[in-house]
Amino acid sequence: MRLYKMELYKLCHKKSFFVWSLFAVLLTGFYFWTEVGSEVAVVGKERYYGYEAVKVNRRITGEYQGLLTDEKVAQIVGKYGLPSEVEYDYPGWRDANYLNGFVADYLSDGYMMSWDNYKAPTKVYGIAGTELGNVQERMGREIYFAYTKGWKAFLGTLQTAMIFASILIVFGISTVFAQESESGMRPLLFTTQKGQGRDIMAKIAAAFTWTLMVYIVAVLLAFGQSAWVFGMEGGACPLSIAISRQGLLDAAQQVSYMPVSSFAYTMVKWDLAACLFLCAITLCVSAHYKSNFGAVTMAALLWGMPLGLRVFFGGFGYFISSCMPIFMVMTDSLYEAFLWRQEKIVYAFVIPLFVICVEEGYQVYRRRQQP
């Protein structure tokens, strides 16, 4: 236990760790507040932006929260009208609030693809005559309606936080074994009674503990901000509606109408698997190198290599890249895995590689008796 605490202390008290952590927190917060800043709410002649718009949209949507019905839709249109204003380079109706914007996107004859490709809505359809009606039929129940921007912000912020967490893991864990070789301490460790076996296990345990700490902070940072500002209402809403992906709403695909809270829960589990897998890969790399620079460089290259696989190879190469840590933290990767029914296949691919990397790192470092 003393060896484990010493190794964990060394990981947690690196100056670079504090610098990169602060940098990651600030950039994640910046991304989140750009989401807040893009919120618009128009009620009558009043126009609200940013956090004020969030509060207005949450308040007016709360009046209609619950099962979505044609009566509620008619009340929304009667009270707030339909949006029609667009603006150069603004991704959405400029004169909408959350309620009438939803009606325009899902239940009207209008559409908004871009500022120069849109049609202002002129009439509203009944739910049964739209894709929402098809979704209701497939689900066997009415759609739950609520203000779901909290879930959308959470998934987006979580993705950003996990990318920075991955960078921290690469830079932090890649020196776990390599630093002993670079400093010349490895032969000394192997001469002690506990060094060769227990110290290696202590290093591995400390590395995974440190990775879990980074992961937990990233999840709490994303969830805490989203819950505080947007709220987390509407967890039962269909995924494609909750994250404003009306273009991908398809009643034939179960992922389109799975509850957004279920998708978010799975995303959190995938992120955990991605962080642990990345830790295992980085430990394996660290065991093969005698310098921190070489270990960090190779670990970073391996982390980013799947980008090349996805760009230059399709088919199986695309699937392999989707199973790598850099893409496992991407929301779209999980969406595609559900779409293609491959989520269990990804786990079946990742778990054996995880075990191989940890075992390989352990054995390689143990065999290298000379600096």
Side-chain angles (χ1 to χ4, degrees), residues 57 61-77 82 92-93 96 98-113 119 121 123-156 158-159 230-270 318-319 322 328 330-348:
N57 279 327
T61 306
E63 301 174 13
Y64 299 94
Q65 183 170 327
L67 298 179
L68 185 65
T69 63
D70 288 332
E71 290 74 20
K72 284 185 179 180
V73 173
Q75 291 172 13
I76 291 170
V77 175
L82 290 171
W93 303 107
Y98 186 82
L99 293 171
N100 61 5
F102 176 87
V103 175
D105 289 337
Y106 293 98
L107 296 167
S108 78
D109 61 343
Y111 60 87
M112 174 61 180
M113 305 300 294
K119 176 186 176 184
K123 62 179 179 179
V124 176
Y125 301 114
I127 296 173
T130 65
E131 191 64 34
L132 291 184
N134 295 334
V135 169
Q136 284 190 160
E137 185 176 347
R138 290 295 295 266
M139 291 193 303
R141 57 181 175 82
E142 293 177 311
I143 291 174
Y144 189 83
F145 177 70
Y147 183 73
T148 58
K149 286 293 186 71
W151 292 102
K152 182 181 179 182
F154 171 62
L155 290 171
L158 180 64
Q159 177 176 291
F230 291 100
M232 305 304 288
E233 296 91 356
C237 290
L239 172 65
S240 292
I241 296 174
I243 61 176
S244 303
R245 300 186 68 159
Q246 61 265 30
L248 297 178
L249 184 61
D250 183 356
Q253 302 294 343
Q254 187 175 358
V255 64
S256 291
Y257 55 85
M258 71 180 298
V260 64
S261 58
S262 298
F263 183 87
Y265 175 68
T266 306
M267 189 76 248
V268 170
K269 291 193 298 182
W270 265 50
Y318 190 93
F319 169 74
S322 299
M328 285 185 70
M330 302 293 184
T331 304
D332 282 348
S333 293
L334 180 57
Y335 192 95
E336 291 175 354
F338 273 118
L339 191 65
W340 300 334
R341 303 178 187 277
Q342 291 180 339
E343 64 275 14
K344 293 181 180 179
I345 299 176
V346 173
Y347 280 119

- Residues in salt bridge (Lys or Arg N to Asp or Glu O under 4.0 Å) with Glu137, at least two apart? none

- Nearest heavy-atom pair of Met330 and Gln159: which atoms, and what distance? CA-OE1, 3.4 Å

- Task: Can you sort out the partners of Asp70 under salt bridge (Lys or Arg N to Asp or Glu O under 4.0 Å), two or more places apart, ordered by chain and number?
- Result: none

- Over all heavy atoms of both residues, which pair between Ile143 and Gln136 is shortest? Give the atoms and the distance, please. N-OE1, 3.2 Å

- Could I get the full list of side-chain contact (heavy atoms from CB on, under 4.5 Å) partners for Lys344, not counting sequence neighbours? none

- Look up atom CG in Leu68 and atom OH in Tyr106, then write down how far apart they are to the nearest 0.5 Å. 11.5 Å

- Message: Holding to side-chain contact (heavy atoms from CB on, under 4.5 Å), I want the full list of residues that pass it with Ser322, two or more places apart in sequence or in another chain.
- Response: Arg310, Tyr318

- side-chain contact (heavy atoms from CB on, under 4.5 Å) between Val124 and Leu82, worked out: CA-CA 9 Å; Val124 176; Leu82 290 171; 3.9 Å; yes

- Message: With rounding to the nearest 0.5 angstrom, report the CG to CZ distance, Leu67 to Arg141.
- Response: 8.5 Å

- Message: Would you compute the distance between atom NZ of Lys72 and atom OH of Tyr64 and round it to the nearest 0.5 angstrom?
- Response: 10.0 Å

- Message: Is any side-chain heavy atom of Leu158 closer than 4.5 Å to one of Thr331?
- Response: no

- Do the ring planes of Phe145 and Phe102 sit parallel (below 30°), tilted (30 to 60°) or perpendicular (above 60°)? tilted

- Provide the closest heavy-atom pair for Ala104 versus Ser108 in the form atom of the first, atom of the second, distance. O-OG, 2.7 Å

- Query: Which heavy atom of Gly234 sits nearest a heavy atom of Val260, and at what distance?
  - Reply: O-CG1, 3.5 Å

- Task: Take atom OH of Tyr347 as the centre, draw a 6.0 Å sphere, and report whether it contains more than 12 heavy atoms from other residues, nucleotides or ligands.
- Result: yes

- Measure the spacing between CG of Asn100 and CG of Asp105 and express it to the nearest 0.5 Å. 9.5 Å

- Got a second to check how far Glu233's CD is from Thr61's OG1, nearest 0.5 Å? 9.0 Å

- Query: In Å, rounded to the nearest 0.5 Å, how long is the span from CG of Leu99 to CG of Asn57?
  - Reply: 7.0 Å

- Quick one: does Gln65's side chain have a donor or acceptor within less than 3.5 Å of a partner on Ala146's backbone? no

- For Phe338, which residues count as a side-chain contact (heavy atoms from CB on, under 4.5 Å) partner, sequence neighbours excluded? Val255, Met258, Phe263, Thr266, Leu334, Glu343

- Query: Sequence neighbours excluded, which residues qualify as side-chain contact (heavy atoms from CB on, under 4.5 Å) partners of Ala264?
  - Reply: Trp151, Phe154, Leu155

